[in-house]
There are 4 protein chains.
Amino acid sequence: MPKDTFINLPIEKQEKVMRSAINEFIKNGFEKANVGNIANIAGIAKGSIYQYFENKKELFLYSVKWSIDLLLNKFGKNLVLHDKEMDIFDFFYHTSKNSMEQIREEREITIFIQDVFLGKYDNLTNESMSYITNISEEYLLNIINVGKENGSVRKDIDDHLLILFITGVSFKIKEYLMNKARNQGEDIIDEDYEQYEKEINALIELLKHGMGGK
Amino acid sequence: MPKDTFINLPIEKQEKVMRSAINEFIKNGFEKANVGNIANIAGIAKGSIYQYFENKKELFLYSVKWSIDLLLNKFGKNLVLHDKEMDIFDFFYHTSKNSMEQIREEREITIFIQDVFLGKYDNLTNESMSYITNISEEYLLNIINVGKENGSVRKDIDDHLLILFITGVSFKIKEYLMNKARNQGEDIIDEDYEQYEKEINALIELLKHGMGGK
Amino acid sequence: MPKDTFINLPIEKQEKVMRSAINEFIKNGFEKANVGNIANIAGIAKGSIYQYFENKKELFLYSVKWSIDLLLNKFGKNLVLHDKEMDIFDFFYHTSKNSMEQIREEREITIFIQDVFLGKYDNLTNESMSYITNISEEYLLNIINVGKENGSVRKDIDDHLLILFITGVSFKIKEYLMNKARNQGEDIIDEDYEQYEKEINALIELLKHGMGGK
Amino acid sequence: MPKDTFINLPIEKQEKVMRSAINEFIKNGFEKANVGNIANIAGIAKGSIYQYFENKKELFLYSVKWSIDLLLNKFGKNLVLHDKEMDIFDFFYHTSKNSMEQIREEREITIFIQDVFLGKYDNLTNESMSYITNISEEYLLNIINVGKENGSVRKDIDDHLLILFITGVSFKIKEYLMNKARNQGEDIIDEDYEQYEKEINALIELLKHGMGGK
DNA sequence: GATGAATGAGGCTTCATTCAT
DNA sequence: GATGAATGAAGCCTCATTCAT
């Protein structure tokens, strides 16, 4: 969706532009994001942005795509459930740790994408992004089915609702991690991580056995 | 927070202004929300808005407060856990039904408030709204403690994480209902409600016993 | 076509705006005409222009209408052929003198309208202005028919071609006068007018009897 | 006026560039004419335009010159009055037919040049083009004098006014033909031409004997 | 207090021209 | 000499806020 001019740029320069845009978007939202700022921080001329993208909206949309691609490339390999016999809660544990890494290494981008998924920028993404939701639903569906087959997931509940349940909880986990990330800036120390791990394990326990007494 | 001029207005006129503002905000977001539109639809002059509120931001902030107050007045009584012996999952069931009613009767306002809580409008609400989160956390904390005392909630999990767990799931439920509301417009029929009720019960079952197999 | 805000303005202010716009358009053409300049010279804020008109194009289009209306009001009475027995060449003589007056008293506006008719601004006026051409053609048609009836115009030539002939010559006359006006600025002296009158009479003679020898 | 780089180009390439420029100018006028478009359609790089011409204005000015030269080369031979005894109205007839051919064979360029003469592009051509008017005035002057000498033109009217009269009418004829050309596109059929010829003869008759009755 | 016109800062976008390859 | 990406000035338009009635 960007013009060839952008595609032909050296990858590093593309990256600089995208990161600058993403930063501006998470700081100011779409409307107040300033194309001039984006250009300045990327170290290019304002006009150049328009040689790369049709307009601000396209720049935004591509920022989303670029972010998702980057996250998938960098962290996506861990998201595949290889072992059909694996307890899916173990799997959740691994993906959660993966999230932590993601946040540690790509704070801005992870925040940006979470915002997109949370529905800030609604008006912009709704049309073009619904397919993303579909992808992630299918992905979860697959995991649930594996779980149902190998007995780690109860079979009496509709898949659809299980997805709701899982995404609800995992979103909350991510949000929780994210808020810490937003506020703390870069300096998340190891001690924090130990704490997080405990909490994640507790939440997975809740996912598994619920919060009911006795 | 609005000026006295606004407070002195007949309640119906105040309401007209607030609903007009809320509608504009959910349709266009804060930046693109148009003060002129708000005034027109409220049936007043643009200048009057500035006799009532310092500026657009204050109008927004008061829209949030006004919405919360309205929802609490209209639906809040049901949110209080009167009976210390009540199973808190029964309580969840009742509050969920409450949500459904809320959505049916005050679609715009419920959507608006959900958007606020979801973090669209971040930059605007963060400071002033953190107290709201606190309120609702305390509210949940109280329920959890009641549950722990009467045995309907397990005791080995940190309150804090239980809150995360509950809000994650219940948010997802609301979001789910809300999306239907957003798309369907007014016409939610009884048949739909039966369906919703089943789903809510299933989700509460998950909250209670988890999704683990066996 | 302007907004009510403009219509409600005191006539003098409207006039100031229109004359400022017209001046800018004849000086710089449509594309290079600067809305800021127009506002400055009219003594109003740039934004006000947009309270009066949807955009620059509408401002232009209304400038045309306003100019035509003004010219018709101020000079149009003389353009009506009252006496059916009048020799139409006498009538041409009178309208030519009328033109001279027009140019003397409303230089800018006359120049502007001539430019419009000459087809500068084509892209802007074509659609909306074709009706004007029609009006003036019908007007001439009427005069020609009167002439044919009372014998002052030969009957063996198609009306359509007579119109071409007349407009060709009269346009050239106007253009000739206009160029002088453009270059001389305000100071056309009486002596010039005597000269013009002679020339006009000679051209009317040509219209009447042609340039053929013997 | 173009740089040597352009002059050294193969004629066909020069022609491609010029025709592309001319097309853009008649389509969009000078201000909105897009140098990038011109380059694209000419099949060269945008930067190359600036190796050939100092700037857009020079490109425009040379387009005018190139067009006039082309028309003179291709159709100009017929414009010379060889036979001193020729009736100048016969001569007009021939030049009119010549115009028709010109329009048929070089529509764009003829339209472009007519626009230039009509005064669109005023600000650009005024200085540099006044010499062209002079040329064509002298050219007409010569014809008129021949006519006065051989008796085909009356002698009691000032040369200057005769020029006005002739150019007025002949411009109108050309404009008339041109408008048909603009609207019809390429497909002017022979039947049309017969019609045109009749009309031209009638107009020449008017030039000769005028439109006066009796 | 209500009105709605006036204001002007601010931002996106265009595109002629320059520049590096 | 050719290319096409980079540049940045310039201008239209929006709209929150102010002001005069």
Side-chain angles (χ1 to χ4, degrees), chain A residues 3-6 8-9 13 28 31-40 43-59, chain B residues 3-6 8-9 13 30-40 43-59, chain C residues 3-6 8-9 13 28 31-40 43-59, chain D residues 3-6 8-9 13 30-40 43-59:
Chain A
K3 302 184 189 170
D4 285 349
T5 333
F6 184 72
N8 296 334
L9 246 37
K13 200 169 178 184
N28 296 322
E31 300 300 338
K32 296 203 77 172
N34 185 312
V35 175
N37 275 152
I38 295 174
N40 282 342
I44 62 174
K46 186 157 44 150
S48 294
I49 297 281
Y50 290 87
Q51 292 230 300
Y52 303 153
F53 300 92
E54 211 58 66
N55 50 36
K56 189 163 77 153
K57 180 172 177 181
E58 202 191 86
L59 170 59
Chain B
K3 303 182 187 172
D4 285 347
T5 347
F6 184 70
N8 295 333
L9 248 35
K13 202 168 177 185
F30 179 78
E31 299 300 338
K32 296 203 78 173
N34 185 312
V35 175
N37 275 152
I38 294 174
N40 283 342
I44 61 173
K46 185 155 57 148
S48 296
I49 296 279
Y50 289 85
Q51 300 232 280
Y52 304 153
F53 300 92
E54 209 57 64
N55 51 34
K56 187 161 79 154
K57 182 171 176 181
E58 200 192 88
L59 170 59
Chain C
K3 303 185 189 169
D4 284 349
T5 333
F6 184 72
N8 296 334
L9 246 37
K13 200 169 179 185
N28 296 322
E31 301 300 338
K32 296 203 75 173
N34 185 312
V35 175
N37 275 152
I38 294 174
N40 283 341
I44 61 174
K46 186 160 41 152
S48 295
I49 296 282
Y50 290 88
Q51 292 229 299
Y52 303 152
F53 300 93
E54 212 58 64
N55 50 35
K56 188 163 77 154
K57 181 173 175 181
E58 202 192 88
L59 170 59
Chain D
K3 303 181 187 172
D4 284 348
T5 345
F6 184 71
N8 295 334
L9 248 35
K13 202 168 177 185
F30 180 77
E31 299 301 337
K32 296 203 77 173
N34 186 313
V35 175
N37 275 153
I38 294 173
N40 282 341
I44 62 173
K46 186 155 59 147
S48 296
I49 296 280
Y50 290 84
Q51 300 232 280
Y52 304 152
F53 300 92
E54 209 57 62
N55 51 34
K56 188 162 79 153
K57 182 171 175 181
E58 201 192 88
L59 170 59

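Below, read A as the first sequence line, B as the second, and so on, with proteins coming before strands; counting in each chain starts at 1. Treat the numbers as computed from the prediction; the structure is a model and nothing was measured.
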Engineer: Among residues 45-56 of chain B, which contact DNA chain F at a heavy-atom distance under 4.0 Å?
Structural biologist: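 Heavy-atom cutoff 4.0 Å gives Lys46(B), Tyr50(B), Asn55(B), Lys56(B).
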Engineer: Flag this pair as yes if the NZ/CZ of Lys57(D) is under 6.0 angstrom from the six-membered ring centre of Phe30(D) and inside a 45 degree cone about the axis; otherwise no.
Structural biologist: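 The answer is no; the distance or angle limit is not met.
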Engineer: Which part of the nucleic acid does Ala33(D) contact within heavy-atom distance under 4.0 Å: base, sugar-phosphate only, or nothing?
Structural biologist: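 Ala33(D): backbone/sugar contact only, no base atoms under 4.0 Å.
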Engineer: Restricting to side-chain contact (heavy atoms from CB on, under 4.5 Å), what partner residues turn up for Glu58(A), sequence neighbours left out?
Structural biologist: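 Scan of Glu58(A) (side-chain contact (heavy atoms from CB on, under 4.5 Å), adjacent residues dropped) gives Met1(A), Phe53(A), Glu54(A), Asn55(A).
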Engineer: I need the minimum non-hydrogen distance between Thr5(A) and Leu9(A), along with the two atoms involved.
Structural biologist: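 Closest heavy-atom pair between Thr5(A) and Leu9(A): O-CD1, 3.5 Å.
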Engineer: Which pair of heavy atoms, one from Lys3(C) and one from Tyr50(C), lies closest together, and at what distance?
Structural biologist: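 Result for this residue pair: NZ-O, 2.9 Å.
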Engineer: In residues 31-38 of chain D, what donor-acceptor pairs under 3.5 Å come from side-chain atoms, sequence neighbours left out?
Structural biologist:
{"residue": "Asn34(D)", "atom": "OD1", "partner": "Gly36(D)", "partner atom": "N", "Å": "2.7"}
{"residue": "Asn34(D)", "atom": "OD1", "partner": "Asn37(D)", "partner atom": "N", "Å": "3.2"}

Engineer: How long is the line joining CG of Asn34(B) and P of dC13(F), in whole Å?
Structural biologist: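 After rounding, the gap between these two atoms is 17 Å.
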Engineer: Calculate the interatomic distance between Leu59(B) atom CG and dC15(F) atom P; express it in whole Å.
Structural biologist: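 Computing the Leu59(B):CG to dC15(F):P distance gives 16 Å.
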Engineer: On DNA chain F, nearest-nucleotide positions of Asn8(A) versus Val35(C): which is more 5'?
Structural biologist: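 It is Asn8(A) whose nearest nucleotide is closer to the 5' end.
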Engineer: What are the bounds, 5' to 3', of the part of DNA chain E that sits under 4.0 Å from heavy atoms of chain C?
Structural biologist: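 Both ends considered, the range comes out as dA5(E) to dG10(E).
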Engineer: Rounded to whole angstrom units, what separation is found between the CG atom of Asn40(C) and the C1' atom of dG11(F)?
Structural biologist: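 Result: 13 Å.
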Engineer: With a 4.0 Å cut-off on heavy atoms, is Lys32(B) in touch with a base, just the backbone sugar-phosphate, or nothing at all?
Structural biologist: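 Touches nothing.
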Engineer: Rounding to an integer number of Å, can you tell me how far Ile38(C) CD1 sits from dG11(F) P?
Structural biologist: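 It is 12 Å, rounded to the nearest whole Å.
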Engineer: Find the runs of at least 3 consecutive base pairs, i with j, i+1 with j-1 and so on, that include DNA chain E, using Watson-Crick or G-U wobble geometry with both distances under 3.5 Å.
Structural biologist: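 The stems that DNA chain E takes part in, listed by first number, are E:2-21 with F:2-21.
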Engineer: Checking all strands, does Lys13(A) fall into the base, sugar-phosphate, or nothing category for heavy-atom contacts under 4.0 angstrom?
Structural biologist: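 Here Lys13(A) touches the backbone only, sparing every base.
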Engineer: With sequence neighbours left out, write down each residue that passes side-chain hydrogen bond (donor to acceptor under 3.5 Å, both in side chains) with Asn28(A), or none if nothing qualifies.
Structural biologist: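 Residues passing side-chain hydrogen bond (donor to acceptor under 3.5 Å, both in side chains) with Asn28(A): Glu24(A).
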